Every structure is written in C-alpha cells, then in structure tokens.
Amino acid sequence: MNWGWFEGLLRAVNVYSTAFGRIWLSLVFIFRLLVYLVAAEKVWSDDHKDFDCNTRQPGCTNVCFDHFFPVSHIRLWALQLILVTCPSLLVLLHVAYREAKEERLRETQGDNYRRIYPNPGKKRGGLWWTYLLSLIFKASVDLVFLYIFFRLYRNYTLPRVVKCELPPCPNVVDCFISRPTEKNIFTLFMVVTTCVCVVLNLIEATYLIGKRCHECLNAEGGDSRQ
C-alpha cells in the first residue's frame with residue numbers, strides 16, 4: 001500500500017494545528033507510520049507461513065491459525081492509521097471550503113468585497129467545531145482499537161506455544177508462533193504510542209475549550225465595562 005498520500009495529508013494539516021496537534025502529527029508520522037512501514041510490516045510478513053503445528057493433518061494448521069489470529073496485527077494497524085488520519089482530511093476540506101467561498105465572493109463583488117473569513121484557517125465558528133470533533137473522533141478510534149487488540153490478544157502479548165484441539169486436528173496439538181518476542185515488543189510499542197496519542201488529543205481538546213471559554217469571558221468582561 002502506498003502511504004505517501006497520508007504523509008502529504010499530515011504535512012498539510014500541520015499548518016492548521018496547535019502546538020499539541022503538531023506534536024501529535026510528529027508522533028503519528030515518525031513513531032507509528034514509519035515504524036509500521038519500515039519494521040512492523042516485515043515482522044508480521046511470515047506470521048502464517050512460519051506458524052507450525054506438530055501434526056501433518058491437512059487443514060489443522062490453517063484452522064488453528066485462524067482461531068488464534070482472527071485478524072492480523074498489521075491489517076488492524078493499517079485500518080487504525082487510516083481512520084485516525086481521516087478526521088484531519090475533514091479539517092482540510094473545511095478550510096478549502098472557506099477559501100473557495102472567499103474566492104467566489106471576490107469574483108462576484110470585486111477586490112473590495114467584504115471578507116467573511118479574513119483568515120480561513122483560523123479556528124473560529126464551524127471550523128472550531130470541526131477541529132474539536134476531529135480530536136474527539138481520533139481519540140475514540142484509538143481507544144476502540146486498543147480495546148479490540150486487548151480482546152483479541154490478551155494483555156497485548158503472544159505466547160510462544162498455543163494448544164489447539166479444533167477439528168480437523170486429530171487431538172490436542174502444539175502450535176508455535178514465529179518470533180513471538182519480537183512481535184510482542186512491537187505490539188507494546190504501538191500500544192504505548194497509541195496511548196500517548198490519545199492523551200495528546202485530550203490535552204489539545206481541553207486546550208481548545210479552555211481557550212475558547214477564556215476568550216468568551218474576556219469578551220463579556222469588555223462588554224460589561226463599556
């Protein structure tokens with residue numbers, strides 16, 4: 001899969017992000033996307049090929065693998081990264097909508113038209129809500145996937161040996177996972193970075209709400225003094 005589009009998306013969103021948002025973008029790009037592309041994808045490339053069971057019964061190995069690995073880590077992480085970055089696209093589309101609206105007004109009313117959005121990228125009005133909801137959605141997606149990983153792979157770890165007795169296996173057979181220690185290290189790394197991203201999203205959302213409340217209080221105080 002070509003991830004260059006996501007790299008361009010993250011770089012474009014960086015222009016309209018707060019300081020916390022830029023840290024989040026750097027964390028996603030360097031510690032999640034690049035680690036996924038450079039290392040993690042290769043670590044799981046042999047998960048089915050080197051999943052060995054001590055039996056030659058046809059179909060037993062495939063059935064046991066499907067039972068213990070219902071969804072691959074790599075595919076789940078890919079889906080997670082896609083869903084986490086999509087809300088940032090909505091922010092860019094909202095800014096592009098504002099810029100297009102300003103351009104239409106300029107074409108119809110001339111260069112001296114009254115600007116609706118002096119700074120289309122400034123987080124005010126609908127764009128503020130779009131940005132805030134994108135933060136909540138990103139944090140929710142990461143939390144949901146953390147729960148899915150915990151349910152599928154207990155404590156986010158893989159055992160070295162699993163026992164399988166599903167048909168058509170003739171009896172209880174031992175199955176061996178390839179490179180479990182290395183996979184556990186990458187799994188815990190991705191879990192930790194996901195938790196950090198969730199915390200950053202919540203901090204940024206709190207910052208936006210607090211800043212907005214502070215501005216409203218200052219505006220009310222100025223009106224009362226007048």
Side-chain angles (χ1 to χ4, degrees), residues 1-7 10 23-87 137-203:
M1 181 176 182
N2 185 8
W3 292 90
W5 182 81
F6 288 95
E7 178 185 353
L10 295 178
I23 297 174
W24 180 86
L25 288 169
S26 301
L27 193 65
V28 169
F29 179 69
I30 298 174
F31 293 101
R32 293 177 68 176
L33 183 56
L34 286 184
V35 169
Y36 172 87
L37 293 175
V38 174
E41 201 169 22
K42 295 180 181 179
V43 171
W44 268 268
S45 61
D46 60 351
D47 54 352
H48 185 265
K49 181 180 65 175
D50 292 339
F51 184 81
D52 295 327
C53 297
N54 58 354
T55 180
R56 293 187 178 181
Q57 176 68 32
C60 178
T61 301
N62 288 334
V63 169
C64 293
F65 181 84
D66 181 70
H67 177 73
F68 291 106
F69 294 91
V71 183
S72 171
H73 286 69
I74 290 300
R75 292 178 179 84
L76 278 176
W77 280 331
L79 180 60
Q80 182 180 4
L81 287 172
I82 291 171
L83 293 178
V84 163
T85 52
C86 279
F137 182 82
K138 288 186 286 189
S140 301
V141 167
D142 278 336
L143 289 174
V144 168
F145 273 88
L146 285 175
Y147 176 76
I148 291 174
F149 273 107
F150 182 82
R151 294 287 297 178
L152 293 179
Y153 308 104
R154 185 64 60 182
N155 297 325
Y156 306 110
T157 56
L158 297 175
R160 289 182 171 84
V161 182
V162 292
K163 295 186 179 297
C164 180
E165 53 182 340
L166 299 172
C169 298
N171 47 45
V172 179
V173 298
D174 294 330
C175 296
F176 304 90
I177 299 173
S178 65
R179 298 188 286 186
T181 302
E182 188 176 11
K183 291 179 179 179
N184 285 333
I185 291 173
F186 276 102
T187 300
L188 292 177
F189 178 84
M190 297 296 279
V191 168
V192 170
T193 53
T194 300
C195 292
V196 175
C197 286
V198 171
V199 172
L200 286 174
N201 284 327
L202 296 178
I203 291 175

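All values reported here derive from a predicted model rather than from experimental measurement.
- Here the side chain of Asn54 pairs a donor or acceptor atom with the backbone of Asp174 at under 3.5 angstrom.
- For the pair Arg154 and Phe150, the cation-pi criterion (under 6.0 Å, within 45° of the ring axis) is fulfilled.
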Can Cys64 and Val162 be said to form a side chain to side chain contact (heavy atoms under 4.5 Å, CB included), step by step? CA-CA 9 Å; Cys64 293; Val162 292; over 6 Å; no
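- Taking the side chain as every heavy atom from C-beta outward, Val63 and Cys169 never approach each other to under 4.5 Å.
- For the pair Thr187/Leu158, no side-chain contact is recorded, criterion being any heavy-atom separation below 4.5 Å from C-beta on.
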I'd like to know whether Ile185 forms a side chain to side chain contact (heavy atoms under 4.5 Å, CB included) with Phe189, so could you lay out the CA-CA distance, the side-chain angles of the two residues, the decisive distance to 0.1 Å, and finally the verdict. CA-CA 6 Å; Ile185 291 173; Phe189 178 84; 5.5 Å; no
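- Rounding to the nearest 0.5 Å places CG of Leu33 at 11.5 Å from OG1 of Thr193.
- Here the closest non-hydrogen pair linking Val198 and Ala139 is CG2-O, 4.1 Å.
- Side chain of Arg179 to main chain of Val43: a donor-acceptor pair is present (N/O by atom type, distance under 3.5 Å, no hydrogens or angles).
- Outside the 6.0 Å centre-distance limit, the rings of Phe51 and Phe176 are not counted as a close aromatic pair.
- Between the CZ atom of Arg32 and the CG atom of Asp142 there is a distance of 4.5 Å, given to the nearest 0.5 Å.
- Taking CG of Leu202 as the reference point, atom CG of Leu143 lies at 7.5 Å (rounded to 0.5 Å).
- Remark: SG of Cys60 is not found under 2.5 Å from SG of Cys164.
- The six-membered or imidazole ring of Tyr36 lies away from that of Trp44, with a centre-to-centre distance of 6.0 Å or more.
- Using a 4.5 Å heavy-atom threshold, the side chains of Thr194 and Gln80 count as touching.
- The shortest side-chain heavy-atom distance between Trp24 and Val84 falls under the 4.5 Å cut-off.
- Interatomic distance, CZ of Phe68 versus CG of Leu152, reported as 13.0 Å (0.5 Å rounding).
- Summarising the geometry of Pro87 relative to Lys138, their closest heavy-atom pair is CG-CG, 3.8 Å, with the distance given to 0.1 Å.
- Nearest heavy atom pair, residue Ile74 against residue Ala40, reads CD1-O, 3.4 Å.
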Steps toward side chain to side chain contact (heavy atoms under 4.5 Å, CB included) verdict (Phe69, Ile177): CA-CA 10 Å; Phe69 294 91; Ile177 299 173; 3.7 Å; yes
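- Contact record, Leu83 with Phe145: CD1-CE1, 3.8 Å, taken as the closest heavy-atom pair.
- For His73 and Tyr153, the ring centers are positioned less than 6.0 Å apart.
- Side-chain contact between Val141 and Phe137: present, with at least one pair of heavy atoms (C-beta onward) separated by less than 4.5 Å.
- Cys197 contributes atom SG, which lies 11.0 Å from atom CD1 of Ile23 (distance to the nearest 0.5 angstrom).
- Of the possible polar contacts, none joining the Asp66 side chain to the Asn62 backbone as a donor-acceptor pair under 3.5 Å is found.
- With sequence neighbours excluded, no residue forms a salt bridge (charged side-chain N to carboxylate O under 4.0 Å, His left out) with Glu165.
- Nearest heavy atoms, Pro168 versus Gln57: O-CG, 3.1 Å.
- Within 6.0 Å of CZ on Phe31 lie no more than 12 heavy atoms contributed by other residues, nucleotides or ligands.
- Looking at heavy atoms from C-beta onward, Val71 lies out of side-chain contact with Ile148 at the 4.5 angstrom threshold.
- Between the NZ atom in Lys163 and the CG atom in Asn171 there is a gap of 10.5 Å [rounded to 0.5 Å].
- A disulfide is assigned to Cys175 and Cys53, since their SG atoms are nearer than 2.5 Å.
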